[in-house]
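Just follow the structure's listing: the first ligand is 1, and inside any ligand the first atom is 1.
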Amino acid sequence: MVALGSRLSAAVGGTAKVLEEVLGLRTVGDLLRHYPRRYVERGKLTPFSDLVVGEHATVFAEITAVRMKQIRPKLHKSDVTIADEVGGRMTMAVFNRRWAVEKDLKAGRRAYFSGKVELFNKTVQLANPDYQLIDDDAGVVAEEFAGALVPIYPAGAKAASTMIARSVRAALAVADLEADPLPPELRARHRLMSLEAALRAIHAPGGWPEVPAARTRLTWDEAFVLQVVLAQRRAATRELAGTPRPARPGGLLAALDAVLPFTLTAGQIEIGGVLAGELAQAFPMYRLLQGEVGSGKTLVALRAMLQVVDGGGQAALLAPTEVLAQQHARSLRTMLGPLAAAGELEAAESATRVALLTGSQGAAARRTALAETASGAAGIVVGTHALLSEGVDFADLGLVVVDEQHRFGVEQRDALRAKGSTPPHVLVMTATPIPRTIAMTVYGDLEVSTLVELPKGRSPISSAVVPRVEQPAWLGRAWQRVREHVAEGRQAFVVCPRIGGDDEPPADGKRPAAAVLDVLPMLVEGPLHGLRVTALHGRMPPEEKDAVMRRFTSGEIDVLVATTVIEVGVDVPNATVMVVLDADRFGVSQLHQLRGRVGRGVHAALCLLVTDAEAGSPSRVRLDAVAATSDGFELSRLDLQQRREGDVLGSNQSGGRSSLRMLRLADHEELILEARAEAVRLVDGDPALEQHPALRQAVVDVLDEERAEFLDKA
Ligand code: ADP
Ligand code: MG
C-alpha cells in the first residue's frame, strides 16, 4: 500500500517524470485528484463536430482508409482517415511509426485516438495522434477501457489521456485510501460516499449514475477542507491578545460627528456600532466591510480610526494606488479640518495629524511623515504599500484599514499587522461587491459587514452602450453630451484602456485600444475644442498626478482623459459624465468600478460605453449587462460565471486556488454554506484536529500548496 502523500514514482514508476513535467502532478494523491474532464461511452463513436480546435481530444472512431507515403528518406507519413457514427470524416497525419501503422491501423478497425485538435487546410484534424486499438470481434478490450465509461482526462502534449488513465489505474491499485478526511458522522449526515468509493467511481465509473455522487463527495472535500482552514484562522485570531480601544466620550470621534455636514445612513450607523463594539474587545477585530461604490465606506473607516486615536492608538490606512492614497489624505484632512491640525494655529483641542507616506514622495516630506508616524504625532497614517516597508515604525499601531482589498494579498495584510506591538485591529474594505460564496471562501477568515444603501440624494446613473459599428453617429452625440454637462458646470471623465506612446502594439492583431495620449489631442482639436481637457495616467510622476487630481477636484479642469488610475475610490461629486472608449476591453467589475466615479453627487449622471463589439458577441452581451443594471452584486455574479475560479480567487488570496478542482463558487453556494457550518462545528470541538488525523493531513496539504505557490511567486 502506498500513501497518498508518496511520490508519484512509487505508484507509476518512470511515467511519474512526464506526469510531473506536463501536468505538475507530484504525489499519488495529486494524480488521483486529477479528475476526468468527461467520459465517453465505450464503443460509441465520438461525433467529430464536438471537437474544439486547440484542445487535446480523445475520439473513438473507425478507420476507413490508410495511405502511406515515403516523403524523404527519413520521413514517412501515413494519412489515416477515420469516421464517426454520423458520417463525419477526418484525416490524421501520422509521421514515421511506419511499422506500427502497418500492423495496427487497417481499414475497418476501431480505436481510440488522442491528440491535439488542429486546423489544417481549413479541415479539423488530430495531429500525430496516439491510438489505442479496441478489438471488437473478440470482445477483448484493452484494459484501459474495461469500464462502461471511458474517462477522458485533461491532457497535455506528452501526456495523452490514455496514458493518464493507465497511470491512474496503477495508482488506484496500490494507493492506501483508508484515511478519509471527511469524518463518518459528517458523511452520514450529508449522505456522502467514502473517499475510496468516490475515487474509484470518478476514475472508473460502472455507469453514469455513479458519477454525480462521486463528484459531490469530492467537491465536499475541497469545500470542507478550505472551510476548516478558514475556521482555524478565525479561531486563531480570537486567541490573539489585542489592545481594547473603547470609544471615549468627548474625543475626536464625537467632535467629528458634531460637525458632519450630513446624517449617517442607517447602514453606516449600524456597522459603526458593530465596529465600535469590536474595537473595544481584548482580541483583534478582523472584519471585511463591503459596500457598493459610493456607499460611504471611507466615513465608516474614519470613524473607527478616530475611536482608536481617542484610545491612544494610531490607525494606518492602506490604499492600492498613489492617486487614491493622496486623495484619502486630502479628503481626511478636509473632513477633519481643525481636528487634524495638531501643532498648527487653528488646531482644535486634542487634535491629531494625518500623515501621508508613498513610495515616490520627496525625501523631506518622507522624513516628516516617518517622524510623525514614529512619534505618534500622526494619529492617522495614509499610504500605499510603501507603508509596509522596513523603516516605517509606529508608536502604537491600533488599527489597520485596507481600502479596496482586492488589490492586496494575505501576506501584505499580515506584514502590516506585524507592525503593531500587539496585533492591531483590522478592517478590510472592498467596493467590489462579492457574492456570498466568495466572501466565505476568499475572505472566509474575516467577518463580513455590508453597506447596502447609498446616501440619500444621489441621483441614479443612466448608462448606455454606444456601438460604433452600427451607430457611427452616436459617438458624436456622446461628445455633445459631455459639452452639455460641462456647460452646466459639471465635469467629465474619458477613460481609455491604454496610455499610448511607447506602448507595445497588441500581438493578437487586434486594433490597438484607444490611448490617452492619442485621444487627448483628438478631443482638444475636435469635439471638445475650447474645454479644459487634461490627461491622467500611471506614467506621470506622482506630484503631477496629485496636482491634476487637485485641479480636477477644485473644478479647474473640465474633462479628465484617464486610464484606470481613476478606477478605485476617486471621489469628485461634481463629475457627472463618463465616456469609456473601447469599453469591451474592460471586465464587468472593472466597468462597474469605473462607472462609480460619476453619480456621487446630487446631479443626474451618465455613463457611455463606446465599443466596436458587434451586437450579440460575448463582449457586447457583457456591456449590455453593465448598461442594464447598476446593481454591483448582480454584475459580480455575472463576472464570476464568466471567469475561472483561479482568476477570482487570485493567487494571493487565502485558500489556495490550486486545491480547487471540483468546487465552482458560482455553482456550489448551498454546499459551501453547509461545509462552512460543519467546519465551524468541528473546529469548535477540536481546534487542533487531534481527533481527525486524516483531515489534519488534508489541511496541511492545502497549506503546503498555498505556501509553495507563494514561494513560486516570490
Ligand atoms: P465608497 O464607499 O465608494 O468608498 P466614499 O466613502 O468615497 O464611498 O463616499 C462617497 C461620497 O459620499 C463621499 O463624498 C462622502 O463624503 C459621501 N458620504 C458618505 N456618507 C454620506 C452620508 N451619510 N450622506 C451623504 N454623503 C455621504
Ligand atoms: Mg472608497
Is the closest heavy atom of L260 to ligand 1 under 4.0 Å?
-> no
Would you check whether G291 reaches within less than 4.0 Å of ligand 1, judged by its heavy atoms?
->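 The answer is no, since G291 has no heavy atom less than 4.0 Å from ligand 1.
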Derivation of the salt bridge (Lys or Arg N to Asp or Glu O under 4.0 Å) call for D396 and K419 | CA-CA 9 Å; D396 181 9; K419 289 192 181 283; over 6 Å; no
Considering only heavy atoms, which of L302, T263, V572 lies nearest to atom 23 (N) of ligand 1?
-> T263
Can you tell which of H328, E453, R600 gets a heavy atom nearest to atom 10 (C) of ligand 1?
->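 The option holding the nearest heavy atom is R600.
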R551 meets the side chain to side chain donor-acceptor pair (under 3.5 Å) criterion, sequence neighbours left out, with none
Residues at least two apart in sequence or cross-chain that pass side chain to side chain donor-acceptor pair (under 3.5 Å) with E372, listed by chain then number, are R353
Against heavy atoms of [X], which atoms of ligand 1 measure under 4.0 Å?
X	answer
T265	23 (N)
T298	4 (O), 5 (P), 6 (O), 7 (O)
L264	23 (N)

Quick one: does ligand 1 sit under 4.0 Å from the side chain of [X], the backbone, both or neither, non-hydrogen atoms only?
X	result
Q268	side chain
M429	neither
D571	side chain
L451	neither

R366 and T358 have their tightest heavy-atom pair at NH1-O, 4.1 Å
Any donor-acceptor N/O pair, R620 side chain to P618 backbone, under 3.5 Å | no
Option from V559, V610, L606 for which side chain to side chain contact (heavy atoms under 4.5 Å, CB included) with V579 holds =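 Among V559, V610, L606, the one meeting side chain to side chain contact (heavy atoms under 4.5 Å, CB included) with V579 is V610.
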Can you check whether V516 reaches R498 side chain to side chain, under 4.5 Å on heavy atoms?
->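 Contact flag for V516/R498 side chains = no.
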Flag yes if more than 12 heavy atoms outside E453 fall under 6.0 Å of its CD atom; otherwise flag no.
->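 Correct, the count exceeds 12.
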Has ligand 1 got any nitrogen or oxygen that is less than 3.5 angstrom from a nitrogen or oxygen of L299?
->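 Not met; the criterion fails.
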